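These numbers were taken from a predicted model, which means no experiment stands behind them.
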Amino acid sequence: MKLAGKCALVTGAARGIGRGCAIEMGRAGANVAINDLSNMDEAEEVAQEIRSFGGKAITLKGDVSDRLRMEAMVDETVKAFGKIDLFVSNAVYSDRQLMIEADLAGFERTINVGMWGAFYGVRAASIQMVKQKTGGSIVVISSPHAVIAIPTSMAYNMAKAAIDHMARTAAIELAPHRIRVNIVHPGWIDTPGERKFFTDEQIAEGAKGLPWNRLGRPEEIGKGVTYLLSDDADYMTAAP
């Protein structure tokens, strides 16, 4: 129970990596606020699973790229649990098109959710943690796209590169408050979002080139995130 007594907010947590993080955090003893924008039935399933471990869980519908709503969700987490110790920035949106052919509405949406949404969440959670004066831990879910120039993914690449630097800067600024900020770069993970871009056959073929001959699982990322959030990683910040 590495996170016993801790209270958390995870964005984009109804599906995929966010779901894996929220459930593993709940399994480790945390009370968890589960944010999503459009999959609230699935968010409630996550909440029910966390409650089955004996923890508290709430669902929060909201668009992380709306600064006021993001700030309100931090407030609602504190109202439900009394505090916020942990924050996982995971919510994302992505369209894939060549830059010169891109629908700029989708391009801008990718940036707004992936970059501004992450910043708004990290900032709002940090303000509350500083106010509490009890430290805290933040994990930003980024991507290898932050360092690999993958074509047709320019907006996503840009957003992930930006939040890497944001997280490292936040780690330095928040260190005096004993608030840690770490970054996770998942590889190719088996999530519903992958089906937006690839067929099951393409995924199966692509998996042959991975070390374990399969995609990663959301719960495997969740276990790593749980470690980073826990006191076992107390000396780790601004990683990777």
Side-chain angles (χ1 to χ4, degrees), residues 10-22 35-37 63-65 70 87-123 138-171 181-200 202-225 228 237-240:
V10 183
T11 64
R15 291 180 166 187
I17 290 172
R19 183 188 185 102
C21 290
N35 156 257
D36 211 83
L37 179 59
D63 183 347
V64 298
S65 69
M70 187 66 247
F87 176 67
V88 178
S89 173
N90 169 76
V92 72
Y93 177 86
S94 180
D95 280 341
R96 292 194 178 181
Q97 291 178 296
L98 293 172
M99 171 190 67
I100 59 174
E101 299 171 356
D103 173 357
L104 289 184
F107 198 98
E108 291 170 1
R109 178 70 178 154
T110 300
I111 296 289
N112 288 340
V113 174
M115 185 186 78
W116 285 113
F119 170 72
Y120 293 151
V122 168
R123 182 176 185 271
I138 295 169
V139 169
V140 174
I141 304 297
S142 183
S143 169
H145 282 250
V147 293
I148 302 173
I150 297 173
T152 75
S153 300
M154 182 180 285
Y156 192 77
N157 299 346
M158 290 165 60
K160 292 302 185 180
I163 64 172
D164 273 20
H165 211 49
M166 174 204 71
R168 287 191 290 267
T169 306
V181 185
N182 288 294
I183 306 160
V184 171
H185 281 193
W188 201 2
I189 308 302
D190 193 356
T191 67
E194 290 302 316
R195 271 69 186 179
K196 180 176 178 180
F197 306 114
F198 304 103
T199 66
D200 287 343
Q202 289 172 321
I203 288 173
E205 184 62 29
K208 294 177 183 177
L210 299 176
W212 262 222
N213 294 311
R214 67 168 176 84
L215 273 62
R217 302 184 182 106
E219 61 269 25
E220 292 172 319
I221 302 301
K223 287 179 172 66
V225 168
L228 288 173
T237 195

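Every side chain to side chain contact (heavy atoms under 4.5 Å, CB included) that Ile148 has, sequence neighbours left out, goes to Pro144, Ile150. Partners of Phe197 according to the side chain to side chain contact (heavy atoms under 4.5 Å, CB included) rule, which considers only residues two or more places apart in sequence or in another chain, are Ser94, Arg96. In this structure, the ring pair (Phe, Tyr, Trp, His ring centres under 6.0 Å) partners of Tyr156, at least two apart in sequence or on a different chain, are His145. Judged as a side chain to side chain donor-acceptor pair (under 3.5 Å), and not counting sequence neighbours, Gln97 has no contacts. Phe87 meets the side chain to side chain contact (heavy atoms under 4.5 Å, CB included) test with Leu9, Thr11, Met70, Ser89, Val122, Ala125, Met129, Ile138; sequence neighbours excluded. Partners of Arg15 by salt bridge (charged side-chain N to carboxylate O under 4.0 Å, His left out), not counting sequence neighbours, listed by chain and number: Glu42. Evaluation of the side chain to side chain donor-acceptor pair (under 3.5 Å) rule for Asp95 yields Tyr93, Lys196 as partners, not counting sequence neighbours. In this structure, the side chain to side chain contact (heavy atoms under 4.5 Å, CB included) partners of Glu205, at least two apart in sequence or on a different chain, are Lys208. For Asp63, the salt bridge (charged side-chain N to carboxylate O under 4.0 Å, His left out) test picks out Arg109, with sequence neighbours left out.
Counting only residues at least two apart or on different chains, the side-chain hydrogen bond (donor to acceptor under 3.5 Å, both in side chains) pairs with a member in residues 210-219 are Arg214-Glu220.
Side-chain contact between Ile189 and Leu215 is absent, with no heavy atoms from C-beta onward closer than 4.5 Å. Using a 4.5 Å heavy-atom cutoff, the side chains of Arg19 and Thr191 are not in contact.
For Trp188, the CH2 atom sits in a packed shell: over 12 heavy atoms of surrounding residues, nucleotides or ligands are nearer than 6.0 Å.
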Under 3.5 Å, side-chain donor or acceptor atoms of residues 101-108 against the rest of the protein: list the pairs with distances, not counting sequence neighbours.
from	atom 1	to	atom 2	distance (Å)
Asp103	OD1	Ala105	N	3.0

